[in-house]
Amino acid sequence: MISQFFVLSQRGDNIVFRDYRGDVAKGTAEIFFRKVKFWKEDGQEEAPPVFNVDGVNYFHVKVVGLLFVATTRVNVSPSLILELLQRVARVIKDYLGVLNEDSLRKNFVLVYELLDEVIDFGYVQTTSTEVLKSYIFNEPIVVDAARLQPLGPAAIFMQGTKRMPGTAVTKSVLANEPGGRKREEIFVDIIEKISVTFSSSGYILTSEIDGTIQMKSYLTGNPEIRLALNEDLSIGRGGGSVYDYRSSSGAGAVILDDCNFHESVRLDSFDMDRTLALIPPDGEFPVMNYRMTQEFKPPFRINCLIEEAGHLKAEVSLKVRAEFPSDIVANTIVVQMPLPNYTTRVSFELEPGAVGQRTDFKEANKKLEWGLKKIVGGSEHTLRAKLTFSQESHANITKEAGPVSMTFTIPMYNVSRLQVKYLQIAKKSSSYNPFRWVRYVTQANSYVARI
Amino acid sequence: MAPPAQSQRSPSPSQPSGKSEVSDLKLQLRQLAGSRAPGVDDSKRELFKKVISYMTVGIDVSSLFGEMVMCSATSDIVLKKMCYLYVGNYAKVNPDLALLTINFLQRDCNDEDPMIRGLALRSLCSLRVANFVEYLVGPLGSGLKDSNSYVRMVAVIGVLKLYHISASTCVDADFPSILKHLMLNDSDTQVVANCLSALQEIWSAEASTSEEASREREALISKPVIYYLLNRIREFSEWAQCLVLELVTKYVPSDSSEIFDIMNLLEDRLQHANGAVVLATIKVFLHLTLSMTDVHQQVYERIKAPLLTLVSSGSPEQSYAVLSHLHLLVMRAPYIFSSDYKHFYCQYNEPSYVKRLKLEMLTAVANESNTYEIVTELCEYAANVDIPIARESIRAVGKIALQQYDVNAIVDRLLQFLEMEKDYVTAEALVLVKDLLRKYPQWSHDCIAVVGNISSKNVQEPKAKAALIWMLGEYSQDMQDAPYILESLVENWDEEHSAEVRLHLLTAVMKCFFKRPPETQNALGTALAAGIADFHQDVHDRALFYYRILQYNVSVAERVVNPPKQAVSVFADTQSSEIKDRIFDEFNSLSVVYQKPSYMFTDKEHRGPFEFSDELGNLSIGGEAADNVVSAQRVEENDKDLLLTTSEKEETRGSSNNGSAYTAPYDGSSTSVFALQTHIESAISNPTAADHSPQASLAIDDLLGLGLPAAPAPPSPQLKLNTTAALDPSTFQHKWRQLPVALSQVCLNTQ
């Protein structure tokens, strides 16, 4: 049960504000924003998603730079409220097509309409985009998606000008194509976030894949859908330590540690043939989340050397090697490395003929940053940097710098080898053949090499 | 809605101050009010939008109330909705004007379109004006009987709103019993869920004054109601499922087969993608199995994987909420999670609040087999750029050292920290070395050699400085320079800002004096003089006390100030086990995130709709029911023992044992286990000891005795078993026992 819901901009302006129960004093938005902004004097630490000020509990989630906030005096389930806030953001996004400050401001009446139906007197009524459709009468004012940063994992499919098929990811569930006909299409995205920690000698210390099968359906009439996954998929690493890498069989079987499913998914035949049956509700939703610690080949190897090179000087050499097939291209790669805090100047030296690369020394937090537009599978890139120090380093220089971290996106590639073998739509007629998009992407979550 | 007055807020370009705009709007609205021209609705929409946007940013537009109401005579539903929103926001401060809206709202409550009926009813109930309650009863009554479920859904919450405006009107109109009837019969599960929410709130509030209400509230957790809700659980929305599951945790089953039935039914809820559903299910499992040691432990094993999956899927905020619960479980039963330690490694991009929890978990799960890896990992964080986390990591290493018997390697690492020459690392490490020496005085030689090399000038933090000074005093006989370092510190007395450091300095100089009098005499004199002249009361008092006791008798002074010490065996835990148990009882609530029981952060009236553990004793339901409650509480209290003493239990059970493969390397008092176990066994074998039927039948009478055309409730409610998993209790247990048992084997191997 919540008392209030509001959305604040990055500057702390109210964009929408709904009081459901009137049992929390006014002015909570200001109290909340001040608290979040000045959580710790040094500004280094983020405010936790849940905190209590004078008996009022504040919950917040950050979505595209906006703060979605709920307040209550009751000792509720924190998980429930945080899930709810995230879900409210998703429902709003489903209706507006694009979620950002601009679209919220333009459509706040529609947002209020949604909020009135989602929550009544602090109790959740429904968060189903589908069910809500019959209660919503405002039409969305569409903002131009192209120049705005889109929301959600599906957004990674539309970087820059080169879009993946289907701009529909930024289409409102209420929107019709010009001419009044809806385009029949369905998107299934397999999104994997990988975390790898390499030791200083290059061994993999820990690795994990957190995957989601995300679906967004624009099919009319809600036909039943069957998603077939790898036949040799198995779940639960029975016996032995969860982290026993040696035990993973090399035969190519995909072994998930664990997974969970969306409400609409029926698992009747899952044990038999690894198919998920569901009637997809409108809007974007995760069909299945999974977690895997089975050994996999990391897409990048990172090599880093830092050596003293004379008085008050040192040299860094960073090498990144892409270990995936050459028909795959990773994009928006950023490599970061904290340098000793007495570093004053850095001069960079890129490899000859380098294109689409940028380098930067972030003075404020003494960080080296190396950005690459794209890396083709199988290739290798190197960066050299000369550091100048303001003082003699006493201790081992490798203890003062690093670790190297990396972020990247690799479209049409997934490390787990989990696959959607087929996507079957229950046929209404022989001429019914909607567009089906199945897309894969791998992203770095925490990709770290120690030095 | 938006706070109506926020004059203190400086107007920004996007937020106009309002005065002239508002009067402008007033004029335009007035012009449109009577117009029937085509397209007038569109212009109205634009104006209404402006009004609402002003309202949102905090401009007071209540002066438009009359005009808004005049314009609301429309069939355009979008306009209607905006008008309702406006009216709901300002009716409370404009009760007279609000009266104007009653008419059209009441009319809309009888509209053909169920949407309009529902909307109007919701707005009518949201006016929050006490004088209007008489206008609510009629529409609410017909709303509850409406053929459309949307209207019923709204009406049920409307009843709750009415209750908060005027409790007596609500109760006099007999709404609670109508809700109860709806809850048990309505075809729409959201109506059922709303009834449950409303009834919980109403009856909890009434319970303090009315015996009947407290009986009704108790009936909500009776067998028929619980079974009815459980049997429909899959029809409920995910949010309503949470509500039902929370209710189920209060239910006390009569025997173990009932427990297994419920768990069987709810098993697949653990695979839900919504973390709130999973945590609510886990709470049910944990609470149901409190009295069954083996199964309780299997529950821990079973919920591990789903919890870890939830932690790594979803937004950072969501995973934080789940991680807090995982943290609680890890702290309760670290040995169950000791092989999962790698899951608690920090990722560089995680927020500090997540890292902090993980560090605590890493500390807790460290045992003989994984300490090396964990400490190695923690040492990596010590060089981290995130200084607060680096500090916590060093502290974590220290805590592990204090827990372990084999501290050899860890001490080496700590000493390496001292050599890293980073101020904060040195500071934290000094404090740790001090604590270590208090527990393991035998390490003094190695430590002192390193500590002696640290220049006191490089140590600025009071805690660290105090630790260094303490070591100088305690081990002055082994540290060549101790008297001279202390002397130089005493000379800078005036520059020492921390009273804590000055206090430690006094004591250290005293200790040093007893061990090496000739070298220290000077310093002691200076220190005592400075101390007596100190403006800080405690420092002054201690200096004076030392001075006088030295005057009286030096050997007495030595016995007081520097007695032979016993090594500390266990450092006091900051939180009592009672508080920890209380937090565990409040699983899946804010208590877990704050790590405090709810009474520490909420006032009584807001402890949650179903929080009544305080008043349990006062319920006058009848002997049996009260007995039940008591036994449940006893079981809860004993839960901690249960968790810790499985291995013991294994032995005491001997041949009667049902073949559990779990053994945990923990000592426990066998007597308490014995007592507890006999208690449980008698409870299970002798159903009358914990009989539920009197209460259940009472509840059924109640349910049927409403005078309403109730559908005949089944005389003895049956739980529909999970169709895919129809296991009998023993196979069910067996199934769970197949879950990774490697842990216990690992433990055995290492012993």
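Letters A, B, ... mirror the listed sequences (proteins, then strands); counts begin at 1.
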Heavy-atom pairs under 4.5 Å with chain A are the metric here; pick the option from [options] that has the most.
options                        : value
B:E350, B:E238, B:M82          : B:E238
B:L308, B:N194, B:L279         : B:L308
B:F587, B:Y150, B:F601         : B:Y150
B:V322, B:N274, B:V278, B:V354 : B:N274

Side chain to side chain contact (heavy atoms under 4.5 Å, CB included) assessment of A:T293 paired with B:H343: CA-CA 10 Å; A:T293 48; B:H343 286 291; 4.2 Å; yes
Checking heavy atoms, do the side chain of [X], its backbone, both or neither come under 4.5 Å from chain A?
X      : result
B:E380 : side chain
B:E373 : neither
B:Y348 : both
B:Y345 : side chain
B:N349 : side chain
B:I389 : neither
B:S53  : both
B:D76  : neither

For the residue pair [X] and [Y], what are the closest heavy atoms and their distance?
X      : Y      : answer
B:Y381 : A:R450 : CE2-NH2, 3.9 Å
B:S237 : A:E263 : C-OE2, 4.1 Å
B:H164 : A:F121 : CD2-CE2, 3.6 Å
B:E317 : A:H60  : CG-O, 3.4 Å
A:L82  : B:A321 : CD1-CB, 3.8 Å
A:S79  : B:G275 : OG-C, 3.8 Å

Evaluate the side chain to side chain contact (heavy atoms under 4.5 Å, CB included) criterion for residues A:E113 and B:L85: first the C-alpha distance (whole Å), next the side-chain angles of each, then the deciding distance (0.1 Å), finally the verdict. CA-CA 9 Å; A:E113 227 185 329; B:L85 182 67; over 6 Å; no
Region of [X] in contact with chain B, defined by heavy-atom distances below 4.5 Å:
X      : result
A:A29  : neither
A:V109 : side chain
A:F68  : neither
A:F51  : backbone
A:P286 : neither
A:K62  : both
A:S3   : neither
A:N445 : both
A:L84  : both
A:S134 : backbone
A:V448 : side chain
A:Q125 : both
A:R87  : side chain
A:F108 : side chain

Hydrogens and angles aside, do [X] and [Y] bring a side-chain donor and acceptor to less than 3.5 Å of each other?
X      : Y      : answer
A:T126 : B:Q190 : no
A:Y123 : B:E201 : yes
A:N57  : B:Y594 : yes
A:N75  : B:S591 : yes

Look at the side chain of A:D210 and the backbone N and O of B:S313, then say whether any donor-acceptor pair between them is shorter than 3.5 Å. no
Measure from the side-chain N and O atoms of A:R291 to the backbone N and O of B:A305, and report whether any donor-acceptor pair falls under 3.5 Å. yes
[X] side chain near [Y] side chain, heavy-atom distance below 4.5 Å:
X      : Y     : value
B:Y320 : A:P78 : no
B:V277 : A:E83 : no
A:D116 : B:K81 : no

Set of salt bridge (charged side-chain N to carboxylate O under 4.0 Å, His left out) partners for A:E101, sequence neighbours left out: A:R11, A:R105
Sequence neighbours excluded, which residues qualify as salt bridge (charged side-chain N to carboxylate O under 4.0 Å, His left out) partners of A:D268? A:R266
Evaluate side chain to side chain contact (heavy atoms under 4.5 Å, CB included) for A:F59 paired with B:L590, printing each intermediate quantity in order. CA-CA 10 Å; A:F59 300 80; B:L590 287 167; 3.6 Å; yes
Would you mind checking if B:R122 and A:D120 are paired as a salt bridge, meaning a charged N to carboxylate O distance below 4.0 Å? yes
Stepwise, does the side chain to side chain contact (heavy atoms under 4.5 Å, CB included) test hold for B:K80 with A:F137? CA-CA 11 Å; B:K80 259 191 210 296; A:F137 295 91; over 6 Å; no
Supply the atom-to-atom distance B:L160 CG to A:R21 CZ, rounded to the nearest 0.5 angstrom. 5.5 Å
How far does CG of A:N107 sit from NZ of B:K49, to the nearest 0.5 angstrom? 7.5 Å
